[in-house]
Engineer: 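One structure coming up, written as structure tokens, with questions to follow.
The structure presented is a predicted model; accordingly, all values stated were derived computationally and were not measured. Protein chains get the first letters and strands the later ones, always in sequence-line order, with residue 1 at the start of each. Note: hydrogens, waters and symmetry copies are ignored here, and every other heavy atom, side chains too, is used.
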Amino acid sequence: MPTRLTNYFLKTLREDPSDAEVTSHRLLVRAGYIRRQAPGIFAWLPLGLRVKAKIEKVVREEMSNAGAHEVHFPALLPKEPYEATGRYVDYGDGMFRLEDRRGVGYVLAPTHEEVFTLLVKDLFSSYKDLPLSIYQIQDKYRDEARPRAGLLRGREFTMKDAYSFDYTDAGLDVSYQAQRDAYERIFTRLGLEYVIVKADAGAMGGSKSEEFLHPTPVGEDTFVRSAGGYAANVEAFTTLVPEARPVEGLAAPTVFDSPDTPTIQSLVALANAEQPRTDGREWTAADTLKNVVLAITQLDGSREIVVVGIPGDRDADLKRAEVAFQPAEVEAANEDDFRKHPGLVKGYIGPWAAARPGEDTTGTAVLGEKSSTGIRYLLDPRMVTGTQWITGANEHDRHVFGLVAGRDFVGDGFVEVADVRDGDPAPDGSGPIETARGMEIGHVFQLGRKYAEALGLKVLDENGKLVTVTMGSYGIGVTRILAIIAELNNDEKGLIWPPAVAPFDVYVVATGRDAAVYEAAERIVADIEASGREVLFDDRPKVSPGVKFGDAELIGVPTIVIVGRGVADGTVELWNRATGERTEVGLDGVVPAL
RNA sequence: CGGGGCGUAGCUCAGCUUGGUAGAGCGCUCGGUUUGGGACCGAGAGGUCGCAGGUUCGAAUCCUGUCGCCCCGACCA
């Protein structure tokens, strides 16, 4: 049966909804695909549900090709499994938690690793049962601090999440690769440009992780790539570490007066005036060591002050810092923190100080484990042994020249906190990188044994030994993909769906009030349906042609058939929504022309 | 959580500065005309002006509080 507009649940809006800003949100609401229920939560209307189903169909076919089997879990789950893996706490405010009438705790699942693991544990106990890949397409819940941009970042969203179970690392590699390949096929079929980047495993835990990012200026992720093929999320980017250099023969550090040097620039200018280099080049900000004081708050609420040393020409990137210190929260130290640590002379912080302030050039460590302050000191990876730096002398209006890493100061370790720039070298030697923005549309993880360990998922191997299963988890944001496709395919008149995901194949418009037109339209609709295509039929009487054409364009079905004044001459028009091209065909010529 | 904006009819908004008991366009209902680009005429239905308190003879309008929504930032697998 054709879907007729006279009895469809659809109402288009003439004006943009006032609460929608981004294009996809605006058009999906205006064209009657979705309706907002609460911030970041949407109802799906018949048209929207159809598009969602088309995307899910592609995902299901490729999951099947990858050997994964579909299951379905509740979204409402007991909290215990999440407590067992620590995520009940680790997830923080991002997880919806609730209680039943007896006070028993539940969660609305943000992802389903725990319950998939427990289900496999329930049923499988032998290596002969593995490998196994199972998935579901289910709504996920995350209490986002600020949902925005309609479907692009909601609190409820549909996700395909797959999980693989292996008993060897090699097996996990194979399962991981199968999902990764499936993702490439899915995004290709959906016509979505993507970049696969090295990612940070984040709260999911585990080791190897890659993200599929759709490059777009409005994306929330920054990633880097080199011409030589390196690609990584900026949070997972690692610095190319220079070779250590010999310390022998390097001059001792010298302390100098440096009044009125509140900025790195003013310090560099002073350095060039006071102690110009002898090798012909000038001092630059990259020769200075900037010591940034961070406050790290662990999940249990304890607060620690950490100093990170980075090249003076760079800023600390708090997102990268969050990754480096996760799951702790990171912020810049406040005045209170400085009061509690008088050993840090604000504005003149350095890892080293002259033994007798204001005088000699023998010194002592100020930062790091065996230092006077005992404050943890982490260094940028570029600060290898033998590099020399200009930095604060821990005295007001005093700096120090020629402080040698590995000799005058030693960090408690290295940390990737400095910001990443266009032109930085890729860590694999594939050349300079450039940065770009992207929106995460898929993520593949090798979880390893974290979840199986925590929940006790073990199987007997060939030797009768109990081994812990190793897992992968693989997510695709179905509703986010839908929004991105809408974002990419539209014009000032409305949506323009790619055929693979369009809610219908053909949109038939009957115009005029001649009964013969409607009879002809009925026959054409029946013909098209008989050819196996889905038809949305605008059979509304008493609606003017302008309204009908406007709705057809807004809704965005790829092919529109106009049955109207041409019927008298035995013709109708085929209208290509994407190109705007219209062609006349005979009444019986519609199906062959499609 | 910080900054900004907004809550008035189903939708998009005006009215608020200067207090006098609520409007427009679209949509909806009925009758008629119209039918290839969001038609027209006529008659209607529809609103505790987010909520609570206060000032006042009188509050959509002024004051206080509160709730909600949107945007930017922080945050976010």
Engineer: Between B:G38, B:G37, B:C76, which one does the side chain of A:W575 approach most closely?
Structural biologist: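 Given the options B:G38, B:G37, B:C76, the side chain of A:W575 is closest to B:G37.
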
Engineer: I'd like the P distance from B:G46 over to B:A9, given in whole Å.
Structural biologist: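 The answer is 15 Å between these two P atoms.
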
Engineer: Of the listed nucleotides (B:C71, B:G27, B:G37), which one gets closest to any side-chain atom of A:R582?
Structural biologist: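 Nearest listed nucleotide: B:G37.
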
Engineer: Would the number of heavy atoms belonging to other residues, nucleotides or ligands and lying under 6.0 Å from CG of A:D588 be above 12?
Structural biologist: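 Open: at most 12 neighbouring heavy atoms sit under 6.0 Å from CG of A:D588.
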
Engineer: Identify whether any heavy atom of A:D514 sits under 4.0 Å from a base atom; if not, whether one sits that close to sugar-phosphate; answer base, sugar-phosphate or nothing.
Structural biologist: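 Since no nucleic acid heavy atom lies under 4.0 Å of A:D514, the category is nothing.
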
Engineer: Starting at the 5' end of RNA chain B and moving along, which residue's nearest nucleotide shows up first, A:A20 or A:R513?
Structural biologist: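 Per heavy-atom nearest nucleotide, the more 5' residue is A:R513.
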
Engineer: Measure from the side chain of A:E553, starting at C-beta and using heavy atoms only, and say which of B:G37, B:C28, B:U12 lies closest.
Structural biologist: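 Nearest to the side chain of A:E553 among the choices is B:G37.
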
Engineer: A:K493 has a side chain; which of B:G37, B:G36, B:G27 sits nearest to it?
Structural biologist: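 The listed nucleotide nearest to A:K493's side chain is B:G37.
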
Engineer: Which of these nucleotides, B:C76, B:C13, B:G36, is closest to any side-chain atom of A:E144?
Structural biologist: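 The answer is B:C76, which lies nearest to the side chain.
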
Engineer: Is the base of B:C76 touched by the side chain of A:R153 through a donor-acceptor pair closer than 3.5 angstrom?
Structural biologist: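 A donor-acceptor contact between them is present.
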
Engineer: Taking only side-chain N and O atoms of A:R36, does any of them lie within less than 4.0 angstrom of OP1 or OP2 on B:C70?
Structural biologist: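 True: A:R36 side-chain N/O within range (under 4.0 Å) of B:C70 OP1/OP2.
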
Engineer: Under 4.0 angstrom, heavy atoms only, what part of the nucleic acid is A:G512 near: base, sugar-phosphate, or nothing?
Structural biologist: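 Sugar-phosphate, backbone atoms only, no base.
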
Engineer: Relative to the ring of A:F549, is the ring of A:W575 parallel (under 30°), tilted (30 to 60°) or perpendicular (over 60°)?
Structural biologist: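 A:W575 vs A:F549 ring planes: perpendicular.
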
Engineer: Taking any heavy-atom pair under 4.0 Å as a contact, classify A:F157: base, sugar-phosphate, or nothing.
Structural biologist: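 Base contact - A:F157 has a heavy atom under 4.0 Å of at least one base atom.
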
Engineer: Do the side chain of A:E15 and the base of B:G38 come within less than 3.5 angstrom through a donor-acceptor pair of N or O atoms?
Structural biologist: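 In this structure, the two groups form no donor-acceptor pair.
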
Engineer: Answer with base, sugar-phosphate or nothing: what part of the nucleic acid does A:V543 contact at a heavy-atom distance below 4.0 Å?
Structural biologist: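 Base, at least one base heavy atom under 4.0 Å.
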
Engineer: What interatomic distance, in whole Å, is found between C1' of B:G68 and the corresponding atom of B:C26?
Structural biologist: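 Taking atom C1' in both B:C26 and B:G68, they lie 26 Å apart.
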
Engineer: Report yes if a side-chain nitrogen or oxygen of A:R14 is closer than 4.0 Å to either non-bridging phosphate oxygen (OP1 or OP2) of B:C11; otherwise report no.
Structural biologist: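 No, outside the criterion.
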
Engineer: Measure from NZ or CZ of A:R97 to the centre of the six-membered ring of A:Y88 and say whether it is under 6.0 Å with the direction within 45° of the ring axis.
Structural biologist: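 Here A:R97 passes the 6.0 Å and 45° test against A:Y88.
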
Engineer: Pick the nucleotide of RNA chain B nearest each of A:E440 and A:F549; which residue has the one closer to the 5' end?
Structural biologist: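 The 5'-side residue here is A:F549.
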
Engineer: Within a 6.0 Å radius of atom CZ on A:R35, are there more than 12 heavy atoms belonging to other residues, nucleotides or ligands?
Structural biologist: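 No - once you tally the heavy atoms of other residues, nucleotides and ligands closer than 6.0 Å, there are 12 at most.
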
Engineer: Is the phosphate of B:C72 approached by A:R146 (side-chain N or O, under 4.0 Å from OP1 or OP2)?
Structural biologist: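 Answer is yes, contact under 4.0 Å.
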
Engineer: Does OP1 or OP2 of B:U35 have a side-chain N or O of A:T511 closer than 4.0 Å?
Structural biologist: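 No.
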
Engineer: Can you identify which nucleotide, out of B:C70, B:G36, B:C13, has its nearest atom closest to the A:P39 side chain?
Structural biologist: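 So the nucleotide nearest the side chain must be B:C70.
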
Engineer: Contact class for A:A552 (heavy atom, under 4.0 Å): base, sugar-phosphate, or nothing?
Structural biologist: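 It contacts nothing in the nucleic acid.
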
Engineer: Any side-chain N or O of A:S544 below 4.0 angstrom from OP1/OP2 of B:U35?
Structural biologist: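 No, A:S544 has no side-chain N/O under 4.0 Å of OP1/OP2 on B:U35.
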
Engineer: Using a heavy-atom cut-off of 4.0 Å across all strands, would you classify A:E211 as base, sugar-phosphate, or nothing?
Structural biologist: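 Answer is nothing: A:E211 stays at 4.0 Å or more from every strand.
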
